[in-house]
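What follows is a short report on a single structure.
We name chains A, B, ... by the order of the sequence lines, and we start the count at 1 in each one.
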Amino acid sequence: MLRVRDLTRSYGRLTALSSVSLDVQPGEIVGLLGANGAGKSTLLRTAAGLQPPDAGTVGIQGIDLWAEPLAAKRLLGYAAEEPSFYEELSADEYVAFVATVRGLDPLAARARAHTLFLRLGLAGRTDEPVHQFSHGMRKKLSFAAAVLHHPAVLLCDEALDGFDASGALEAKAELRTLAGGGCAILFSSHVTEAIERLCDRVVLLHRGRVARVLERAAWGSPAPGPSPLEREFLAVARDTLHP
Amino acid sequence: MNPSRHPETQAFRRLRSGLARRRLAQLEPRLRVELFLLSLLLAGFVFWQVRTPFASLSAEGGPPAVAGALALTSAVLAFLTAGFVAGRHAQRLRGGPPGPEWLGLPLDPRLLARHLAWDSGALAGWIAVPTIGVWISAFGLVPLAWQIALLPALAWSLFLASRLGTILGQRIALWKLRDHPQLDPMVRILSARTRASRPRPIRAPRWTRKSVRLAFWAKDLRVSLRVHSVRQQLLVAVLFWALSLAAWQLPDMAARHVDYAAAFVLGLLGSAALGEWLVALSGSDPFAAVRVLPVRLADIWGARFASALLATLLLVAGHALAARELSPQALRVFLVWLAGATLMISALAVNYGVTLFPRADIAQRLLGLSLGLAVAASLMVPLLGWLVLLTAVLHSARRLPHWSHLEEV
């Protein structure tokens, strides 16, 4: 599970996060909603170990991220809002590198990577250097690298932003599968529709503070899976791919 | 409307002053002090080297001879400035200058060209440091009025050299561009596109189980072969080392120590370039991608230093073969000094690269300053440079335990 306690983080005089606390239980998908500048990315970057907090702790499965970063990061996946890569490596090479560093079984990791690439619509382009990729393809690659190892805790920072419709559907399905397997997912987005369909609980951030926490019952239950429009799109996409 | 009051001109003026302020503010106060002290040292070193020849000239030809030498030295520095600025400007224009998508803005291309030239011309500021050292060297050897009159002339020469450099740089960037000759040169340069077709596929990687260190090492190798800027640094190192080996083939001169010295100096230059390559490798690490991985300092440090160790072994083996005619004693001394220097420079580069990550530019600058200081110290007092280098390695190593809490993006 993910446990954030009293997390505070400032940039000079600007307090981006002020004593934020939240828990994400295993199997739970928690949405993080907030206006631009509310502190969503700061929270996720700090929880991912990309920047130290000024105060507070981040616990990944009971491990303090900043006290035992190595052990915590083994359990953690992070899909960045603006992902960065080794631009000259191919997507295959990059993910193989990540798999090695994470100590994954090579054959299983390759199979998993290829499945993810296929589902996300990257197959056929994974032998190209990453700098050739479009924004959406980069986001997909970042997502694939983040979920490759079936993380215990997954942090998604506007992770599906830039995905095409079918890629987004597959990614959401993957998130549900991961959650079904016990993964605790913190999913940030400014698109309420994605959060409505995907999340079990929503944390509303405002000016670096937790303004409200809403349970799923608070916003009703839209039909699970693709929306009618997404279903139409999928039908066309499948017809195009398999005429 | 007066061109200087044109809104675009004013906007660029404001942008430039804002950028200058912001860049200065980005330097930590401590780093600012260090840079100031190093500049003082550099100017002092130049003074120390130039003062004696100037004094000799003064004794022989009086103040006119000193003023002439001062002008000549300044001309050489201005020439170097023009060359450096031209190279940097051309590289930046071709690689995509910093800032927004300039061509997407409704800008007069000439104003844009002037702004980009200003950005690249800032390099000339660094040449001002040795120039001041040269200027101070003439103090007391020429009349005070001449001395004061020369100062704006020197500043003006640097400014002109910088302008000339940016003009040359733009010409270089424009060279070989054939498309749309009717367009403004800056528009042609910025709109030039490299291939748009599908690139050559990269061979599929081998998914094998290996250590994290080896994974990083293999990745470093790939990056070195594929990323132009990183590859260039490695090639410079290889080139200097090849020249260093070739130095043993120099025809016998009065004494054997000529090729000995040449091989050693070229070898050290190669080692410095190797250090720059190691820093460039650190700079190529994508911040968010690496920091979220469960990687220990020892893995990254070890992978980088392993490359340096391997390169040093190859260098030593090469020299052992190329300098067979040297007496065993002399050869041993040569190899120990060269290998020692290479390993120390490499350790320094890896320390700076890893601990200043992702600010490879600062790491590069600190490495260059440390090496320059070591060379200056060695020239002042023999062997003092080694002490300086060792101190720098130890000082940089003190940062290692805090490597994960460092420079933020």
### Query
Should the heavy atoms of other residues, nucleotides or ligands under 6.0 Å from CD of A:Glu28 be counted, would the total exceed 12?
yes

### Query
Which region of A:Leu104, side chain (C-beta onward) or backbone (N, CA, C, O), has a non-hydrogen atom less than 4.5 Å from a non-hydrogen atom of chain B, or is it both or neither?
backbone

### Message
With a sphere of 6.0 Å drawn around CZ of B:Arg32, does it hold more than 12 non-hydrogen atoms of other residues, nucleotides or ligands?
### Response
yes

### Query
Roughly how far apart are A:Leu43 CG and A:Arg9 CZ, rounded to 0.5 Å?
12.5 Å

### Query
Charged N to carboxylate O under 4.0 angstrom, A:Arg74 versus A:Glu68?
no

### Message
What I want to find out is whether B:Arg206 reaches A:Asp92 closely enough, with some N-O distance under 4.0 Å, to be called a salt bridge.
### Response
no

### Message
Any salt bridge linking A:Arg112 with A:Glu174? Criterion: basic side-chain nitrogen under 4.0 Å from a carboxylate oxygen.
### Response
yes

### Toward chain A, the part of B:Thr208 with a non-hydrogen atom under 4.5 Å
backbone

### Task
Could you grab the distance from atom CG of A:Asp54 to atom CG of A:Asp6, nearest 0.5 Å is fine?
13.0 Å

### Query
Any idea which of B:Ala204, B:Ser211, B:Ser284 has the most non-hydrogen atom pairs under 4.5 angstrom with chain A?
B:Ser284

## Note on the structure
Those residues of residues 216-226 of chain B that come under 4.5 Å of chain A on a heavy-atom basis, listed by number, are B:Phe216, B:Lys219, B:Arg222, B:Val223, B:Arg226

### Message
Taking 4.5 Å as the heavy-atom cut-off, does anything in residues 298-307 of chain B contact chain A, and if so which residues?
### Response
none

### Message
With a 4.5 angstrom heavy-atom cut-off, is it the side chain or the backbone of A:Ala99 that approaches chain B, or both, or neither?
### Response
side chain

### Query
Are there more than 12 heavy atoms of other residues, nucleotides or ligands under 6.0 Å from atom CZ of B:Arg94?
yes

### Message
Would you compute the distance between atom NE2 of A:His150 and atom CZ of A:Arg102 and round it to the nearest 0.5 angstrom?
### Response
13.0 Å

### Message
So, taking the atom named CZ in A:Arg45 and the one named CG in A:Leu155, what distance separates them when rounded to the nearest 0.5 Å?
### Response
12.0 Å

### Message
I'd like to know whether NE2 of B:His395 has more than 12 heavy-atom contacts from other residues, nucleotides or ligands below 6.0 angstrom.
### Response
no

## Note on the structure
d(B:Arg399 CZ, B:Thr355 OG1) to nearest 0.5 Å is 4.5 Å

### Atom group of A:Ala146 that falls short of 4.5 Å from chain B, counting heavy atoms
neither

### Query
At a heavy-atom separation under 4.5 Å, does A:Phe85 approach chain B through its side chain, its backbone, both, or neither?
backbone

